[in-house]
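Note that these values count all heavy atoms, side chains included, but never hydrogens, waters or copies made by symmetry.
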Amino acid sequence: MHSIRTAASASLVALAAAAGATVASAVPASAASVTTVKAVETDFHIALSQSAFRAGRYIFVAQNKGQTTHALMISGPGIKMAMTKDVSPGQSAKLTVTLKKGAYNIDCPVPGHKALGMNVNINVGGGTSTTSSKNSNSGTSGGSSAGGGGAAF
Ligand SMILES: [Cu+2]
């Protein structure tokens with residue numbers, strides 16, 4: 001049967017992929033892990049891509065999918081009104097924060113918008129389980145590390 005061959009070449013591919021991944025993630029991602037959270041803003045609502053949070057560093061990406069200018073503001077323990085610049089419709093902006101255990105408020109600082117519904121409260125857990133780690137940074141462009149010598153064995 002040729003299934004053995006298939007398996008062999010499949011594992012070779014897996015090896016190559018693993019090698020490529022190792023090289024690619026040589027960035028200090030494990031030392032200080034940062035979680036990216038999407039905050040989709042519409043008129044007038046904020047939808048976060050996750051609802052469970054643990055203490056740590058986060059990049060909130062505010063995406064304005066509404067018809068009017070929005071922005072994203074976070075306040076809570078250790079953070080006094082961290083906010084993005086104004087985000088025009090169709091644009092996005094990033095906000096990097098360090099969340100501690102406790103309650104945070106996320107809203108749109110454009111006058112009136114919070115009252116219209118652009119207001120989210122989150123609770124950041126200390127170190128308890130509730131892990132919602134989504135590794136969304138997989139499979140970008142397939143192994144472009146030119147050459148590399150290939151299978152030496
Ligand atoms: Cu707004």
Side-chain angles (χ1 to χ4, degrees), residues 10-149:
S11 62
L12 263 182
V13 170
L15 269 176
T22 307
V23 172
S25 62
V27 200
S30 51
S33 76
V34 180
T35 305
T36 300
V37 181
K38 263 200 249 173
V40 176
E41 304 194 275
T42 50
D43 313 330
F44 295 89
H45 182 74
I46 299 173
L48 300 179
S49 59
Q50 67 181 66
S51 54
F53 293 85
R54 284 180 309 154
R57 280 180 75 71
Y58 289 83
I59 298 174
F60 283 85
V61 181
Q63 296 184 324
N64 188 348
K65 293 192 176 177
Q67 308 291 320
T68 186
T69 296
H70 294 298
L72 195 75
M73 181 167 94
I74 300 178
S75 54
I79 302 176
K80 272 189 187 177
M81 300 199 312
M83 70 175 86
T84 64
K85 59 186 195 303
D86 283 355
V87 186
S88 303
Q91 302 294 303
S92 63
K94 288 180 182 174
L95 185 60
T96 304
V97 293
T98 299
L99 301 182
K100 301 175 181 177
K101 189 173 188 283
Y104 287 81
N105 181 251
I106 299 174
D107 62 59
C108 176
V110 175
H113 288 195
K114 181 177 183 177
L116 286 167
M118 303 189 73
N119 186 33
V120 182
N121 291 302
I122 64 169
N123 251 302
V124 178
T128 16
S129 47
T130 333
T131 322
S132 64
S133 50
K134 258 198 239 170
N135 273 336
S136 54
N137 57 349
S138 56
T140 7
S141 51
S144 51
S145 37

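Atom CD of Q91 is separated from atom NZ of K85 by 7.5 Å, given to the nearest 0.5 angstrom. The distance from the OH atom of Y104 to the CG atom of L99 is 5.0 Å, given to the nearest 0.5 Å. Note that CG of N64 is 7.0 Å distant from CG of D43, once rounded to the nearest 0.5 Å. Atom CE of M118 is separated from atom CD of E41 by 4.0 Å, given to the nearest 0.5 angstrom. Atoms CE and OG1, on M73 and T84 in that order, are 10.5 Å from each other to the nearest 0.5 Å. Put simply, NZ on K38 and CG on L48 are 12.0 Å apart, with the number rounded to the nearest 0.5 Å.
Nearest heavy-atom pair, L95 versus A82, reported as atom, atom and distance to 0.1 Å: CD2-O, 3.5 Å. Smallest separation of non-hydrogen atoms from P77 and A103: CD-O, 3.1 Å.
Under the 4.5 Å side-chain criterion, counting only non-hydrogen atoms from C-beta, T69 is in contact with P89. Side-chain atoms of L72 and I46, non-hydrogen and from C-beta on, do get closer than 4.5 Å to each other. Between K100 and V124, every side-chain heavy-atom pair lies at or beyond the 4.5 Å cut-off. The side-chain heavy atoms of Y58 and F53, taken from C-beta on, include a pair separated by under 4.5 Å.
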